[in-house]
Student: 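Sharing a structure here in structure tokens format.
Numbering starts at 1 and runs along the sequence shown. Atoms considered below: every heavy atom in the structure, side chains included; atoms not considered: hydrogens, waters and symmetry mates.
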Amino acid sequence: MRRKPVRPVLVVIAHGSRDPRHAATVHALVERVRSLRPGLRVETGFLDFNIPSVHGVLESLAAQGVRDVVALPLLLTRAFHAKADIPAVLRDAPPRLRIRQADVLGPSPLLLSALERRLYEAGLSPADKASTGVVLASAGSSDPEAIAVIGDLAREWRGTGWCAVRPAFASAALPRTEDAVRELRDLGCARVAVAPYVLAPGFLPDRIARGAVEADVLAEVLGPAPEVARVLVQRYDAARLPALAAVGA
């Protein structure tokens with residue numbers, strides 16, 4: 001009787017922050033992932049500021065005899081951290097580990113659903129869509145690919161019925177949140193809402209909030225929304241399934 005292969009351990013790689021709300025939100029999201037996939041071992045490592053570090057988590061797994069890992073960047077776009085920082089950390093992992101790096105979370109239709117969930121929780125309703133302009137407020141990046149993804153997402157979201165959707169960035173790119181809010185006012189939208197396209201609280205999300213003072217609605221960050229947890233599970237499965245197929249699982 002052929003033994004069923006052991007599922008790879010999922011290591012969620014978060015950026016980290018001096019703001020304690022960041023780590024608390026990451027851990028809440030990971031707990032939701034565990035509830036979606038009982039029996040799956042899920043660990044969390046941070047690139048900076050928080051513990052355990054990614055390197056520490058990988059060292060511990062190797063010492064426990066783990067062989068297979070899926071490393072999942074807790075990032076919404078493929079910017080510098082996904083392209084450089086995380087691959088560098090994974091290259092320094094113990095050699096006994098077989099590591100597959102999963103894709104970043106975005107783009108995904110589920111993330112658009114999570115953004116709408118947060119707007120409705122902040123007081124909007126589906127009936128408000130046609131008269132409401134939305135600022136899709138991202139942390140920002142110097143990577144042109146990441147900026148283009150946010151613009152594409154805004155255009156896609158506009159097609160679901162909102163009055164208008166404009167991208168904005170808290171750093172490294174323009175426009176800023178407050179400028180996008182004013183643009184939507186000038187466009188004639190009856191109300192303006194700001195939807196932070198960020199995963200956890202911290203310095204840049206706070207900057208987004210300050211830029212939203214003239215908006216009618218400010219949504220919460222995505223955080224442990226169930227849709228976000230489902231994206232994590234999808235990215236894990238997509239990364240591990242090719243390896244399972246290779247062994248006939």
Student: Check whether more than 12 heavy atoms from other residues, nucleotides or ligands sit under 6.0 Å from atom CD of Glu59, and answer yes or no.
Tutor: yes
Student: How far apart are the closest heavy atoms of Ala154 and Leu136, and which atoms are they?
Tutor: N-CD2, 3.8 Å
Student: Under a 4.5 Å side-chain heavy-atom rule over Ile, Leu, Val, Met, Phe, Trp and Tyr, are Leu76 and Val165 clustered together?
Tutor: yes
Student: I need the minimum non-hydrogen distance between Ser141 and Asp143, along with the two atoms involved.
Tutor: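 Looks like OG-N, 2.9 Å.
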Student: Give the minimum heavy-atom separation between Ala114 and Ala225, together with the two atoms involved.
Tutor: CB-CB, 4.2 Å
Student: Tell me every residue that passes ring-ring contact (aromatic ring centres under 6.0 Å, His included) with His27, counting only those two or more places apart in sequence or in another chain.
Tutor: Phe46
Student: Taking only residues two or more places apart in sequence, or in another chain, which ones meet Arg32 in a salt bridge (Lys or Arg N to Asp or Glu O under 4.0 Å)?
Tutor: none
Student: Quick one: do Arg96 and Asp68 satisfy salt bridge (Lys or Arg N to Asp or Glu O under 4.0 Å)? Show the steps, please.
Tutor: CA-CA 9 Å; Arg96 68 166 287 123; Asp68 293 295; over 6 Å; no
Student: Any sub-3.5 Å donor-acceptor pair from Ser60's side-chain atoms to Val57's backbone N or O?
Tutor: no
Student: Which of these, Arg191, Arg118, Lys129, sits in a side-chain contact (heavy atoms from CB on, under 4.5 Å) with Leu124?
Tutor: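 Only match with Leu124 under side-chain contact (heavy atoms from CB on, under 4.5 Å): Arg191.
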Student: Determine whether a donor-acceptor pair (N or O, by modelled atom type, separation under 3.5 Å) exists between the side chain of Asp216 and the backbone of Val192.
Tutor: yes
Student: For the atom pair OH (Tyr197) and CH2 (Trp157), what is the distance rounded to the nearest 0.5 Å?
Tutor: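 Between atom OH of Tyr197 and atom CH2 of Trp157 there are 10.0 Å.
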Student: Show the nearest heavy-atom pair for residues Ser131 and Cys163, with the distance to one decimal.
Tutor: C-CB, 3.9 Å
Student: Test side-chain contact (heavy atoms from CB on, under 4.5 Å) on Glu145 and Arg78; report intermediate values, then the result.
Tutor: CA-CA 7 Å; Glu145 178 187 351; Arg78 273 185 49 78; 4.0 Å; yes
Student: Give a yes-or-no answer on whether the side chains of Arg207 and Ser171 include a donor-acceptor pair shorter than 3.5 Å.
Tutor: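 No, Ser171 and Arg207 have no side-chain donor paired with an acceptor closer than 3.5 Å.
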Student: For the residue pair Glu31 / Ser35, report whether a side-chain donor-acceptor contact shorter than 3.5 Å exists.
Tutor: no
Student: Looking only at atom types and distance, does a side-chain atom of Thr25 sit under 3.5 Å from a main-chain N or O of Arg21, one as donor and one as acceptor?
Tutor: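 Answer holds: yes.
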Student: List the steps, then state whether side-chain contact (heavy atoms from CB on, under 4.5 Å) holds for Val26 with Asn50.
Tutor: CA-CA 11 Å; Val26 170; Asn50 302 106; over 6 Å; no
Student: When rounded to the nearest 0.5 angstrom, what distance separates CD1 in Ile208 from OG in Ser138?
Tutor: 7.0 Å
Student: Is a side-chain N or O of Arg41 found less than 3.5 angstrom from the main chain of Val9, in a donor-acceptor match?
Tutor: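 Between the backbone of Val9 and the side chain of Arg41 there is no qualifying donor-acceptor contact (under 3.5 Å).
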Student: Mind jotting down which residue pairs meet the salt bridge (Lys or Arg N to Asp or Glu O under 4.0 Å) criterion with at least one end in residues 170-179? Sequence neighbours excluded, please.
Tutor: Asp179-Arg182
Student: Hey, is the main chain of Phe49 close enough, under 3.5 Å, to the side chain of Arg18 for a donor-acceptor pair?
Tutor: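 It does not hold such a pair.
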Student: Does the pair Asp237 and Arg7 meet the rule for a salt bridge (Lys or Arg N to Asp or Glu O under 4.0 Å), with working shown?
Tutor: CA-CA 10 Å; Asp237 286 340; Arg7 285 185 292 184; over 6 Å; no
Student: What's the verdict on side-chain contact (heavy atoms from CB on, under 4.5 Å) for Val217 and Val194, showing C-alpha distance, side-chain angles and the deciding distance?
Tutor: CA-CA 6 Å; Val217 174; Val194 174; over 6 Å; no
Student: With distance as the sole test, does Arg166 use its side chain to make a donor-acceptor pair with the main-chain N or O of Thr177 at under 3.5 Å?
Tutor: no
Student: Kindly compute the distance separating OG1 (Thr77) from CD1 (Ile147), expressed to the nearest 0.5 Å.
Tutor: 7.5 Å
Student: Would Leu199 and Val233 show up in the same hydrophobic cluster when neighbours are defined by side-chain heavy atoms closer than 4.5 Å?
Tutor: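 As far as the 4.5 Å side-chain criterion goes, Val233 and Leu199 are connected within one cluster.
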Student: Gly16 and His22: which non-hydrogen atoms are nearest, and at how many Å?
Tutor: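 Looking at all heavy atoms of both residues, the closest pair is N-NE2, 3.1 Å.
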Student: As an exercise, state the distance from CG of Leu10 to CD of Glu43, rounded to the nearest 0.5 Å.
Tutor: 9.0 Å
Student: So, the side chain of Tyr120 versus the backbone of Leu115: is there a donor-acceptor pair under 3.5 Å, distance only?
Tutor: no
Student: When rounded to the nearest 0.5 angstrom, what is the spacing between NE2 in His81 and CG in Leu74?
Tutor: 12.0 Å
Student: Calculate, to the nearest 0.5 Å, the distance between atoms NE2 and CG belonging to His15 and Leu75 respectively.
Tutor: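 It is 8.5 Å, given to the nearest 0.5 Å.
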Student: Treating Ile, Leu, Val, Met, Phe, Trp and Tyr as nodes and any side-chain heavy-atom pair under 4.5 angstrom as an edge, say whether Val70 and Val231 lie in one connected cluster.
Tutor: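 Yes.
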Student: For Pro167 versus Ala180, what's the shortest heavy-atom pair and its separation?
Tutor: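 Minimum heavy-atom separation between Pro167 and Ala180: O-CB, 4.2 Å.
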Student: Between Arg34 and Val42, is there a donor-acceptor pair closer than 3.5 Å when you use the side chain of the first and the backbone of the second?
Tutor: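 Between the backbone of Val42 and the side chain of Arg34 there is a qualifying donor-acceptor contact (under 3.5 Å).
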